[in-house]
Amino acid sequence: MMRVTVLMYHMIDTPVTPEERRFCRSPENFRNDMQIIHEAGYRVISMKTLLEAIKNKDQHLSKAVVITFDDGLACNYENALPVLEEFGYTASVFVVTSYIGGYNDFSRNYGFSRRRMLTVNQIKALKKAGVDIGSHTVHHLALGKTATQVTIDEILKSKCMLEDILACEVPHFAYPFGSWNPAVREIVMNANYTGACSTMPWPNRLDTDPFLLRRSEIKGQDNSAQFRLKLRFATNTMPPVAEARQLARGFLEKMKVIPPKRFY
Ligand SMILES: [Zn+2]
């Protein structure tokens with residue numbers, strides 16, 4: 001049965017402000033995540049492979065994971081790429097095109113520090129290293145709340161700009177803030193993308209909408225146990241009690257103890 005977890009990262013770096021903590025995974029933790037993926041026997045696949053499996057109703061894709069990064073920060077090239085290359089893993093980076101070669105001004109209002117965005121050369125180098133480059137709009141707008149003409153521009157112009165840089169098709173998209181509505185989804189579909197990532201959790205299955213792929217957000221503060229749970233169950237957040245129960249259940253199963261019924 002097909003069941004694919006798509007992981008969502010933002011920055012692979014050290015947080016500078018408290019607001020960044022959630023979005024900033026340290027390079028050490030990121031490397032540890034990749035090690036867990038490797039040791040747990042998951043296959044890292046591309047967005048393209050996932051989308052083709054959904055299209056072809058290919059049941060065989062299980063224990064597979066897609067790695068994605070939103071926004072297109074320079075740390076994706078500087079800190080994440082060397083680790084991806086060490087493990088031989090592919091990934092997708094969704095770039096906000098008007099900030100290429102500049103700074104993350106679109107997220108400064110949310111308490112983020114000033115950070116460098118990917119340059120044109122870094123985007124090209126990522127692509128050359130086997131990383132898929134997707135669009136994350138021109139200005140990082142919440143498209144679910146944006147006027148139709150502006151939404152069309154954001155979706156189309158970002159695609160064109162990246163295709164100019166890379167001289168190849170840019171078929172994948174990610175909704176900024178996970179913000180979408182049926183009209184926005186329709187525009188993405190009609191703009192010749194083949195698939196788009198949402199921020200809704202849970203695994204991707206054969207009946208998953210390719211224009212609303214599901215993702216599990218890996219936060220800066222997640223520990224190894226939480227990462228393992230997200231990899232396996234593709235959750236976003238787990239209430240502490242549910243999480244503790246899940247861990248305890250796994251432990252009891254390992255010890256071959258049958259827990260009392262009320263435990264479930
Ligand atoms: Zn974003």
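Keep in mind the model is a prediction, meaning the values are calculated, not measured. Atoms within a ligand are numbered from 1 in the order they appear, just like the ligands themselves.
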Kindly state each residue pair satisfying ring-ring contact (aromatic ring centres under 6.0 Å, His included) with at least one member in residues 112-132, sequence neighbours excluded. F23-F112

Pairing residues for D105 by the side-chain hydrogen bond (donor to acceptor under 3.5 Å, both in side chains) criterion, not counting sequence neighbours: none

Protein N, O or S atoms less than 2.8 Å from the Zn ion (ligand 1), ignoring waters? D71 OD1, H136 NE2, H140 NE2

Would you check if the side chain of Q226 reaches a backbone N or O of N223 as a donor-acceptor pair within less than 3.5 Å? yes

What about the rings of F94 and F173, do their centers lie closer together than 6.0 Å? no

Y175 ring center near F177 ring center (under 6.0 Å): no

Any pair counted as side chain to side chain donor-acceptor pair (under 3.5 Å), so long as it reaches residues 10-19, sequence neighbours left out: D13-R115

